[in-house]
Amino acid sequence: MPRSRLSLLSVAVVVALPLLAGTATAEPAAGPTEPVFEDGQAQPVFDPGDAVREEAWVRADVDSDRDGVDDRVHVEVVRPRATEQGLRVPVVYQASPYFSGGNPVTNHDVDVELHVPTRPAGPDPRITSRYEDYFLSRGFAVVYAESLGTGESTGCPTTGGENETVGAASVIDWLNGRAPARDAEGAPVTADWSTGKAGMIGVSYNGTLPNAVASTGIDGLETIVPIAAISDWYDYYRENGAVVAPGGFQGEDADVLAEYVYTREDREICRPVIDELAARQDRVTGDHNAFWHERNYLDDAHRVRASVLAVHGLGDWNVTVSQVADWYEALARNGVERKIWLHQSGHTDPYYLRRDVWLSTLNRWFSHYLYGIDNGADAGPRATVQREDGTWTREADWPAPGAADATLHPRAGGAERGGLDPRPDRGRPVFEELTDDATETVEELVDAPASPHRLAYTTDPAGKPVRLSGTPRVDLRIAFDRPAANVTGVLVDRAPDGSAHVITRGWTDPQNRHHRGHTQFVHPGVPYRVAFELQPQDYVLETGHRLEFVVLSSDHDFTLRPDPGTGLAVDVRRTSVTVPVVGGERSLRGAFDPA
C-alpha cells in the first residue's frame, strides 16, 4: 500500500489514462445543461476537455503540526462547465497522501533477534486520475484532496491517525457549507456548485481514507468504494502480537510510511510528530496499544451512514484479505448498506481486470447513491466473487451462504508429510519437532519433500471439490526451547503432480497467546496452547487435490527474522486446523473420508 503500492500507479496517477474503446456509449454532446440517464446509468454528455478547474485550501479543525493554526487541506476541483450556469452536481472524491510523490526512505532492519520480555520533489502539480474524464462527462464533479502533511496541505502525516481523518472529512464539510476555504490569494472559496452529496473512492491508502471518514458518520458522505483498503492499521503492521510487514515491504512500519509521504514544503515542523510515531508504534513487543486503537476503524462501524461497495483481491498480500473481511462483517453487524467485490488478483484496482463491467458497476452505484436514480444498485446479491478460472459469480452474501467450520487433525510424520484427517486421534501426547530458519521462504519449505524447519500434514486426495469461504484458524499445543519465537501456519493446495500452491497463511507471537495487547513470558520446555486465525480466503480445492497444513516458525517474507536455531515441538494429537467449508463438516468428511 505505501509507496509504489498501486496507489501511486492507480488513483494517484498524474496523467489521466484513456478509457478502452467501447466503454463510452456516445460522443459528448455540445453545451448540455443537465445530466442524462439511460438504463440507470449516467451518460457521457459533458465535455471533460471543457471542465472548470480550481483549487482551494480547506480549514480542518485540527492542528497536527502544532503551529497554533488549524491545518489546511489542499483541494483541487474539476467540474463540468455547466456548473458555471447554475447546474449543481454531486462529487466523486479522492483523498490521498500520494498526490505529491514520496521521499527516499529506509525500512527497519528485520534480521534481528526477537524481543524477550522481562520475566513476569514533486510531480506535475495538476492532480488527475483514470476515472476523471469518465465521471466528468457524466455530470459528476471530481475532487482531490492532499492528505495532511503532503503536497500543499499543512499538518502532519500520521499513518492513519485521527488528524488525517479530520483533514479528509473537512472537505465533505466544505462541500456542504460547514467549513471555510480560501484560494491561493486568501479569498474565500465556496462550493455553491455542489449538491453536498459525495462518494469517496480510492485504492490502498487512498481507499483507507474513505473507511476512516465513513467511520465518523459525517453528513453528506453518501457512499464509499474502498479498494484494497485498511480497516485496522494494527493488522497491517502487526498480527497477534507479532511484528509483520506488508507483502513486498519487509521492514516498513507506520513511521516509515509517514516519512515517505511527508512531502509538504516545511521539512522540519513534523519531525517531532514522526519521532513520536516511531516510539509509540512499538516494534519491540508488537503489542496492541492506544496508538493502534486510534487507527482501528472497526470499532466505529456503528457510526457508518454511507453505503459501502468494498473491493479486494483474494491474492492481496499487501493489504491482506482480513482487512476487508473484518470491515464487511462489522458493517453487516451494524446494518450498513453494503456489497462486496472479490477478485483473484492482488493489490490492484478492478479497472485493470474488467474495465467495462467495473465502470458500469461504479456508474450504477454512484448514479443511485449520488443522483438518487432508482436503478437497483442497492438490490440483488451482495457478493460478486471471481473464481480461480476467471469466471465471475454472484451470491447472496460473503462468506458464502452455507459455509461452516470443519476441523482436521494431524497425524504423526510431519517432518516429511503426516496425515490430516477429519477424525481426531486420541491418546497420549505425540510431539514432533522443527527448528526455525528464517532464511528459507514459505514456498521453499512447502516444496521440500522433507525438512527439519517445518512440519507438514496432508489429507487424502479430495473425492469431490471442496470450497473454503471465510477464515481458517489453527489450534496448536506447542513448546519452545527459547523464550521468544515466531509461529506461522500455512494452508496449501497440493496438486496430483506434487506441485503446491499456498492458499493462505497467518502468524502469531506466542508471548501474546492470551491477548494481542499483553506480552507474557514463555518458559522454555512448557507446552502452551497457541490459537490464531489465518487470513480469510475463498478457494476451491479441486477433485484429486490434497489440503495440506504446514507449521513453521519465522516467515521470511512477513515476520522478523531472528538467527536460525530456535526449536519448536508440536503435540500432534492436541493440534487441529479448522476450515470454513461450504457444506460444513458433512461436506469435508464426504470429500476426505468417504467411508
Side-chain angles (χ1 to χ4, degrees), residues 90-95 160 162 165-166 168-169 171-173 175-176 196-204 206-235 293-312 319-342 350 361-385 394-401 403 469-471 536 538:
V91 168
V92 176
Y93 169 34
Q94 300 182 43
E162 184 178 353
T165 303
V166 172
V171 178
I172 307 289
D173 283 332
L175 293 171
N176 284 274
K197 293 185 176 183
M200 293 187 73
I201 184 173
V203 181
S204 200
N206 304 359
T208 301
L209 287 165
N211 283 347
V213 176
S215 73
T216 69
I218 189 170
D219 185 39
L221 181 61
E222 303 298 322
T223 191
I224 63 171
V225 183
I227 304 169
I230 291 170
S231 57
D232 181 355
W233 283 89
Y234 178 84
D235 285 339
H293 179 72
E294 179 186 339
R295 292 157 172 80
N296 179 7
Y297 314 125
L298 298 171
D299 289 346
D300 292 319
H302 64 284
R303 301 180 187 275
V304 176
R305 297 163 60 187
S307 63
V308 181
L309 174 57
V311 182
H312 218 92
V319 177
T320 53
V321 181
S322 66
Q323 298 286 349
V324 71
D326 292 348
W327 183 235
Y328 190 71
E329 181 183 357
L331 298 173
R333 286 197 306 269
N334 290 281
V336 176
E337 287 190 32
R338 68 202 180 280
K339 289 195 175 184
I340 189 168
W341 258 59
L342 297 172
T361 298
L362 273 185
N363 191 330
R364 294 179 67 84
W365 191 263
F366 283 144
S367 292
H368 176 73
Y369 285 105
L370 299 184
Y371 267 115
I373 302 301
D374 185 11
N375 58 15
D378 58 334
R382 286 198 174 100
T384 300
V385 182
R394 299 184 70 197
E395 298 184 331
D397 214 338
W398 194 84
S469 184
T471 305
D538 198 294

Between Glu294 and Glu162 (side chain of the first, backbone of the second, donor and acceptor by atom type, cut-off under 3.5 Å), is there such a pair?
yes
Contact check, side chains of Lys197 and Thr223, non-hydrogen atoms, under 4.5 Å
no
Atom pair CD/CG of Glu329 and Leu298 - distance to nearest 0.5 Å:
9.0 Å
Would you say Ser322 and Asp326 are linked by a side-chain donor-acceptor pair, where the criterion is simply a distance under 3.5 Å?
no
Between atom OG1 of Thr165 and atom CG of Leu209, what is the distance when rounded to the nearest 0.5 Å?
7.0 Å
Could you measure the distance from the CH2 atom of Trp341 to the CZ atom of Arg394? Nearest 0.5 Å is fine.
9.5 Å
From CA spacing to verdict: side chain to side chain contact (heavy atoms under 4.5 Å, CB included), Val304, Tyr297
CA-CA 10 Å; Val304 176; Tyr297 314 125; over 6 Å; no
To the nearest 0.5 Å, how far apart are CG in Asn206 and CD1 in Ile227?
9.5 Å
Only residue of Arg364, Glu222, Glu337 satisfying side chain to side chain donor-acceptor pair (under 3.5 Å) with Tyr369 is Glu337
Closest non-hydrogen atom pair between Asp397 and Arg338, with its separation
OD2-NH2, 3.6 Å
Closest heavy-atom pair and its distance - Trp327, Asn211
NE1-OD1, 3.0 Å
For the pair Asn334 (side chain) and Val336 (backbone), establish whether a donor and an acceptor sit closer than 3.5 Å, ignoring hydrogens and angles.
no
I want to check something: taking the side chain as every heavy atom from C-beta on, are Val171 and Val91 in contact at a cut-off of under 4.5 Å?
no
Is there a side chain to side chain contact (heavy atoms under 4.5 Å, CB included) between Lys339 and Thr384? Walk through the geometry before answering.
CA-CA 8 Å; Lys339 289 195 175 184; Thr384 300; over 6 Å; no
Compare all side-chain heavy atoms of Leu362 with those of Ile201 and state whether any distance is below 4.5 angstrom.
yes
Can you find a pair of side-chain heavy atoms, one from His312 and one from Val319, that are under 4.5 Å apart?
yes
Which heavy atom of Ala198 sits nearest a heavy atom of Leu175, and at what distance?
CB-CD1, 4.2 Å
How many angstroms lie between atom CG of Asn375 and atom NE2 of His368, to the nearest 0.5 angstrom?
6.5 Å
All heavy atoms of Gly160 vs all of Trp233, minimum pair found to be CA-NE1, 3.4 Å
Ser469 versus Trp398, closest heavy-atom pair with distance:
OG-NE1, 3.4 Å
Please tell me if the side chains of Val308 and Pro226 come closer than 4.5 Å, counting only heavy atoms from C-beta onward.
yes
Tyr93 vs Leu221, side chain to side chain contact (heavy atoms under 4.5 Å, CB included): CA-CA, chis, key distance, verdict:
CA-CA 10 Å; Tyr93 169 34; Leu221 181 61; 5.6 Å; no
Pair Thr216-Asp300, side chain to side chain contact (heavy atoms under 4.5 Å, CB included): steps then yes or no:
CA-CA 7 Å; Thr216 69; Asp300 292 319; over 6 Å; no
In terms of heavy-atom contacts, does NE2 of His302 have more than 12 from other residues, nucleotides or ligands at under 6.0 Å?
yes
Can you check whether Asp235 reaches Gln323 side chain to side chain, under 4.5 Å on heavy atoms?
yes
Shortest non-hydrogen contact from Pro536 toward Thr471
CG-OG1, 3.4 Å
When rounded to the nearest 0.5 angstrom, what distance separates OG in Ser367 from CG in Asp374?
12.0 Å
